[in-house]
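Here the structure is laid out as structure tokens; the discussion comes afterwards.
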Amino acid sequence: NQTAVVLADENLIDPLLRSLPNSIPTANITMGLPIRRTSIKNLVEILFSIQEGLIKYGDNSLYFKDVMQLLELPVLRKTLDKEDLEQIDKLHQEILKTNLKFLNFEGLLKRLPSVIKNNFQLLRKWNFKDRLFLKAYIQMSSEMLHSERISDLESETLILLIDILKKLDAFLEEHQSIEISYSIFKRLLNEELVNSQIDFLGNPTEGRQIMGILETRLLDFKNLIFIH
């Protein structure tokens with residue numbers, strides 16, 4: 001209780017929480033965590049990148065790096081079984097061996113794990129009229145959320161992401177008369193992510209104290225660990 005960990009760079013909160021040793025059973029975090037600073041933001045960025053590749057290169061061509069980045073996301077891999085992981089590793093080796101740059105959608109779909117295969121609309125050009133991609137986005141996030149292997153932080157972030165996606169879906173449903181493009185949707189989603197954060201609840205008298213620079217005012221600890 002006499003030691004505080006101070007984040008000079010608050011972007012380090014996610015890797016810090018992943019790195020806490022078992023000898024620290026409890027921690028009190030006196031700062032909010034913007035969703036844009038979590039690993040879930042990587043999922044959003046990769047799906048954006050896949051979509052931009054489809055727009056640029058054609059609806060049936062998926063850039064191999066985007067596909068592999070999606071399949072290698074830790075939060076996604078935690079939802080997969082051993083057979084799925086072996087299939088992904090095999091696919092990766094084949095891509096490297098044949099030096100493929102673009103993957104055919106139909107051929108690739110057969111080899112994807114069910115969490116992606118069942119929500120394949122995310123890997124097609126997004127249609128903002130029927131919004132099937134948004135329903136697939138929500139469904140895939142929900143399937144990852146129900147994995148027993150994801151961390152509490154990943155769980156809270158996925159819940160927040162699902163709420164944002166549902167909010168956007170309701171907005172688009174209400175304003176169907178407005179023509180929505182990919183660039184507009186990307187801006188809307190990014191604005192929601194920028195303005196959303198996870199608020200931690202804890203006991204300020206128990207456990208290792210973790211905070212940002214601003215939260216240290218008027219506090220007194222015997223030991224300070226600054227992280228940058």
Side-chain angles (χ1 to χ4, degrees), residues 14 32-55 59 62-63 66-81 84-85 88 105 108-199:
D14 190 14
L33 175 60
I35 191 173
R36 69 181 185 276
R37 292 177 179 166
T38 69
S39 58
I40 299 300
K41 184 62 163 58
N42 294 335
L43 169 65
V44 176
E45 291 298 336
I46 291 170
L47 290 175
F48 279 153
S49 184
I50 289 175
Q51 194 58 206
E52 287 160 12
L54 292 172
I55 293 171
D59 196 26
L62 293 161
Y63 188 46
D66 293 334
V67 173
M68 292 316 304
Q69 283 180 344
L70 176 63
L71 296 175
E72 290 168 2
L73 273 175
V75 67
L76 177 65
R77 291 178 72 89
K78 289 178 183 180
T79 69
L80 307 180
D81 57 27
D84 285 331
L85 294 173
I88 289 172
F105 174 77
L108 177 65
L109 187 63
K110 301 173 184 177
R111 308 185 63 177
L112 293 176
S114 58
V115 67
I116 300 177
K117 189 185 300 182
N118 295 341
N119 302 292
F120 69 90
Q121 293 91 345
L122 282 171
L123 304 184
R124 307 299 277 173
K125 282 186 181 178
W126 295 347
N127 185 323
F128 296 96
K129 292 296 183 183
D130 60 29
R131 304 187 310 284
L132 291 177
F133 81 92
L134 253 181
K135 295 172 176 58
Y137 212 145
I138 294 168
Q139 179 60 31
M140 187 177 77
S141 300
S142 299
E143 290 182 37
M144 290 190 291
L145 175 62
H146 290 108
S147 169
E148 295 180 353
R149 292 189 291 167
I150 66 171
S151 67
D152 290 342
L153 177 60
E154 290 167 332
S155 177
E156 290 297 324
T157 313
L158 281 168
I159 290 172
L160 192 54
L161 176 61
I162 291 169
D163 287 343
I164 290 171
L165 295 172
K166 287 181 177 179
K167 180 180 177 181
L168 283 176
D169 190 33
F171 174 82
L172 295 179
E173 173 70 24
E174 185 179 349
H175 298 87
Q176 293 189 45
S177 59
I178 301 175
E179 187 170 344
I180 302 293
S181 64
Y182 165 74
S183 60
I184 292 175
F185 176 80
K186 181 179 180 179
R187 193 180 312 153
L188 289 172
L189 180 51
N190 278 331
E191 284 180 1
E192 288 293 331
L193 294 175
V194 166
N195 295 320
S196 301
Q197 72 173 21
I198 299 170
D199 293 317

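Predicted model only: the values in this text are computed from it and were never measured.
Of all non-hydrogen atoms in D169 and L134, the two that sit nearest each other are CA-CD1, 3.7 Å. Of all the heavy atoms in L71 and P113, the pair that sits closest is CD2-CD, 4.1 Å. Pairing each heavy atom of L122 with each of Q51, the nearest pair is O-NE2, 4.1 Å. What you find for L80 and L76 is that their closest heavy atoms are CG-O, 3.5 Å. Taking each heavy atom of M140 and I116 in turn, the nearest pair found is SD-CG1, 4.3 Å. Residues Q69 and I46 come closest through the heavy atom pair O-CD1, 3.5 Å.
Counting heavy atoms of neighbouring residues, nucleotides and ligands inside a 6.0 Å radius, atom NZ of K166 does not exceed 12 of them.
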N/O donor-acceptor pairs under 3.5 Å from side chains in residues 189-196, not counting sequence neighbours:
from	atom 1	to	atom 2	distance (Å)
N190	ND2	K186	O	3.4
E192	OE1	K167	NZ	3.4
E192	OE2	K167	NZ	3.4
N195	ND2	E191	O	3.0
S196	OG	E192	O	2.6

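The closest side-chain heavy-atom distance from L165 to L161 is below 4.5 Å. Two residues are said to be in side-chain contact when any heavy atoms from C-beta on lie closer than 4.5 Å; I198 and L153 meet this criterion. Side-chain contact between Y182 and E52 is present, with at least one heavy-atom pair separated by less than 4.5 Å. With contacts defined as side-chain heavy-atom distances shorter than 4.5 Å, the pair M144/I150 does not qualify. The shortest side-chain heavy-atom distance between L160 and T38 does not fall under the 4.5 Å cut-off. The side-chain heavy atoms of I35 and K41, taken from C-beta on, include no pair separated by under 4.5 Å. A 4.5 Å side-chain heavy-atom check between L158 and V75 finds at least one atom pair inside the cut-off. Inter-residue side-chain proximity for I184 and I178 is flagged as unmet; no heavy-atom pair is nearer than 4.5 Å.
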Show your working on side chain to side chain contact (heavy atoms under 4.5 Å, CB included) between D84 and V115 and close with a plain yes or no.
-> CA-CA 10 Å; D84 285 331; V115 67; over 6 Å; no
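Scored by the ring pair (Phe, Tyr, Trp, His ring centres under 6.0 Å) test, F133 finds W126, F128, F185 as partners (sequence neighbours excluded). Residues passing the salt bridge (Lys or Arg N to Asp or Glu O under 4.0 Å) test with E154 are R18, K78, sequence neighbours excluded. Scored by the side-chain hydrogen bond (donor to acceptor under 3.5 Å, both in side chains) test, E72 finds H92 as partners (sequence neighbours excluded).
Here the straight-line distance linking atom CZ of R36 with atom CG of N42 works out to 14.0 Å at 0.5 Å rounding. Taken from OG1 in T157 to CG in L145, the straight-line distance is 10.5 Å, to the nearest 0.5 Å. Here S114 contributes atom OG and D81 contributes atom CG; the two are 7.5 Å apart, rounded to the nearest 0.5 Å. E148 CD to T79 OG1: the interatomic distance, rounded to the nearest 0.5 Å, is 12.5 Å.
Every pair tested for ring pair (Phe, Tyr, Trp, His ring centres under 6.0 Å) that includes a residue from residues 148-169 fails, sequence neighbours excluded, so the list is empty. Every pair passing ring pair (Phe, Tyr, Trp, His ring centres under 6.0 Å) that includes a residue from residues 157-179 is listed here, sequence neighbours excluded: F171-H175.
Without hydrogens or angle criteria, R124 side chain to D59 main chain gives a donor-acceptor distance under 3.5 Å. A donor-acceptor pair under 3.5 Å is absent between the side-chain atoms of S49 and the main chain of E45, judged by distance alone.
Relative ring orientation between F120 and F105 is described as tilted, the plane-to-plane angle lying within the 30° to 60° band.
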